[in-house]
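Order of listing sets the numbers, starting from 1, for every ligand and every atom in it.
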Amino acid sequence: MPKCDFCRRETAVKKCKIIDDMGTRYRNLCNDCITKLGAQSHIDILDETEEETAARAAIIGDVKLTTSPSFEGYRIVDYKGIIFDETLTGIGIRTVAKSLGDMFASLTGEQMHAITDRINELETELIDRMRKKAVAQGANAIISIDFERTIPGGNAVMVSASGTAVVIEKITEEQ
Ligand SMILES: [Zn+2]
């Protein structure tokens, strides 16, 4: 039986290319570790079939999202914990503003558009990473999603997202 290079379990493994802050490396990983590591790192599975890649993407894409504490028509059957992610972007200008609103007041429409577009991009990336984290924790939905935008320095915007990973189940008519 092959062994997973990460958890050392003897189980089925896949050849993976892992890319993150630590660089690029090749490891044989089990399915659990692929999901777990995939929350923080970019993983290309080298010997995965197209069908398997599509199935994995579908599971992540199917994670339901809401800013409210529940979903209409669904019940929460398990709480998997709070998930959080943040990212920073340079905004190409110097500002003394402490909030986004104050900063926008001093900008031209064009500058404002460029920064708003960048923030929207970052929020989409964050949501994608949050979905992966939720799947890594065995959840199929994220509730109470909250975005925060702050200006930590004079020329950057920090976007953070938090939410609670949960397992939801559709409420059927009979119940
Ligand atoms: Zn493993």
Polar protein atoms (N, O or S) that approach the Zn ion (ligand 1) to under 2.8 Å:
C4 SG, C7 SG, C30 SG, C33 SG
Side chains of N28 and K14: does their closest heavy-atom pair fall under 4.5 Å?
no
The remaining residues in the hydrophobic cluster of V13, counting side-chain heavy-atom contacts under 4.5 Å among Ile, Leu, Val, Met, Phe, Trp and Tyr, are none
Distance, nearest 0.5 Å, that separates CZ of F6 from CG of L29
8.0 Å
Salt bridge or not between R56 and E48? Use side-chain N to carboxylate O under 4.0 Å.
yes
Test: D5 and K15 ion pair at under 4.0 Å:
no
If you measure from the Lys or Arg side-chain nitrogens to the Asp or Glu carboxylate oxygens, is any gap between R9 and D32 under 4.0 Å?
yes
